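A quick write-up on the structure given underneath.
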There are 2 protein chains.
Amino acid sequence: MKLGKGVEWCTHICGMLALVPEGKGLSTDALADFFEVPSAYLAKQMQLMRRAGIVESVRGKGGGYRLALSVDAITLLDIVQAIEGPSPAFRCTEIRQNGPCGLKRKDCKNPCEIASAFAEAEEVYREALRAKTIAVINAEAAANGSPEHFMEVAQWVQKQVS
Amino acid sequence: MKLGKGVEWCTHICGMLALVPEGKGLSTDALADFFEVPSAYLAKQMQLMRRAGIVESVRGKGGGYRLALSVDAITLLDIVQAIEGPSPAFRCTEIRQNGPCGLKRKDCKNPCEIASAFAEAEEVYREALRAKTIAVINAEAAANGSPEHFMEVAQWVQKQVS
DNA sequence: TTTATCCGGATATCAAATATCCGATTTGAG
DNA sequence: CTCAAATCGGATATTTGATATCCGGATAAA
């Protein structure tokens, strides 16, 4: 039961990309430097984000990544699913069909009670993540953090895109 | 984001152990045969269950495992935590402290907004699993399944403990 | 004493996460 | 046109964790 590092990285990155001016972008190297994470591996995560439609890329000199959607259209769930894929955490292998008292295949059209219970739990989990947009996260961060730090970050972004 | 097979196995096993008569137990081999799972590996999972206080073991000939608690005192969350351990799925590595705009350690006494959001989501997930006891699961299974199959399983258990 | 069982540790195997590298392509700038 | 900067996709290590097996010791019933 573990989420990949890419989830943490990309969530922070989305918060930062929100500060990037229209038409500009930040390169993988710039993002990797900002968070001190391995550039080559981050590049792979950003490709997943792009395929999921969360960010868009501009190739060639001066290119980089920027958000493909507005900050209130990107949820934490979107990011998790982009990085981790769609498969549920609980994997039902239908062991009720095994062994001396195994059920017949045809009697197992519906998921078993255990699989259903885990599916429900994962659904409320996803629902909680779906309720948190980048806009919300950034608003909370602005409320809790110092204005000085915010300016510092904003100026760093400015320097990169100029 | 993946739960180990032991979670599925042990949940089904708890449902079965509920049928074991007072004072008796089922051996690891019997459980492994019933569900067609590898015996040696299942033994490891059962040790985790025992250390978590969910089942208790009887050593020596004729021994085995039985529930250590009543069926309405064992939740799916208990089983997940027994097998998977206590660590959360989202691992915050405090990358906000990294890089050119990294925050000072002392300004990071509270978890960041992202870590908090994931912690909340995992809490509702745990809450959902906490609401599902073995008693509930078994009641649902009894309601959905055929009485014939229930008898078949009960008789198999009888044969093992006699 | 023999047999069946759990216990703990050591170890092997396999899959996934993490990480790096390279060649191809695109694009802006000189 | 050429060069440099950047993403893209694929190939490939490396590391970690999940999966799986085995064995020697302890325990208890027959």
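Every chain is numbered from 1, with letters handed out A, B, ... down the list of sequences. Since the model is a prediction, treat every value here as computed from it, not as a measurement.
- Spacing between atom CD of Gln47(B) and atom C1' of dA26(D) amounts to 13 Å, rounded to whole angstrom units.
- Within 4.0 Å of Arg66(A), counting heavy atoms only, lies no atom of the nucleic acid at all.
- Regarding contacts with the backbone of dT5(C), every side-chain N or O of Ser57(B) stays at 4.0 angstrom or more from both OP1 and OP2.
- In the region residues 12-42 of chain A, proximity to DNA chain C at under 4.0 angstrom, judged on heavy atoms, holds for Pro38(A), Ala40(A), Tyr41(A).
- Projected onto DNA chain D by closest heavy-atom contact, Gln45(B) and Tyr65(A) fall at different nucleotides, the more 5' of which corresponds to Tyr65(A).
- Taking a cutoff of 4.0 Å between a charged side-chain nitrogen and a carboxylate oxygen, Glu127(A) and Lys132(A) do not qualify as a salt bridge.
- The main-chain N or O of Met1(B) is found under 3.5 Å from a side-chain atom of Glu84(A) such that the two form a donor-acceptor pair.
- Between Arg91(B) and dA17(C) there is no side-chain polar atom (N or O) within less than 4.0 angstrom of OP1 or OP2.
- As a whole-Å value, the separation of Ile83(B) CD1 from dT19(D) P is 10 Å.
- Gly6(B) comes within 4.0 angstrom of nothing in the nucleic acid, heavy atoms only.
- The side chain of Arg51(A) contributes no N or O atom lying less than 4.0 Å from OP1 or OP2 of dC8(D).
- Lys2(B) comes within contact range of the sugar-phosphate backbone alone, with a heavy-atom separation under 4.0 Å but no base atom that close.
- For Glu94(B) and Arg96(B), the salt-bridge test passes: some basic side-chain N is under 4.0 Å from an acidic carboxylate O.
- Protein atom CZ of Arg50(B) is 13 Å distant from nucleotide atom P of dT27(D), rounded to whole Å.
- Judged by distance alone, the side chain of Arg66(B) and the main-chain N or O of Gly23(B) form a donor-acceptor pair under 3.5 Å.
- With salt bridges taken as basic N to acidic carboxylate O contacts below 4.0 Å, none links Lys5(A) and Glu8(A).
- The separation between Arg59(B) atom CZ and dC7(C) atom P is 6 Å, rounded to whole Å.
- Between the CE atom of Met49(B) and the P atom of dC7(C) there is a distance of 13 Å, given to the nearest Å.
- For the pair Lys61(A) NZ and dT2(D) P, the interatomic distance rounds to 17 Å; values are reported in whole Å.
- The separation between Lys44(A) atom NZ and dT12(D) atom P is 13 Å, rounded to whole Å.
- Below 30°, between 30° and 60°, or above 60°: for Phe118(A) and Phe90(A) the angle between ring planes is below 30°, a parallel geometry.
- At distances below 3.5 Å, at least one donor-acceptor pair connects side-chain atoms of Lys24(A) with backbone N or O atoms of Val161(A).
- Here dA19(C) presents its P atom at 16 Å from CE of Met46(A), a figure rounded to the nearest Å.
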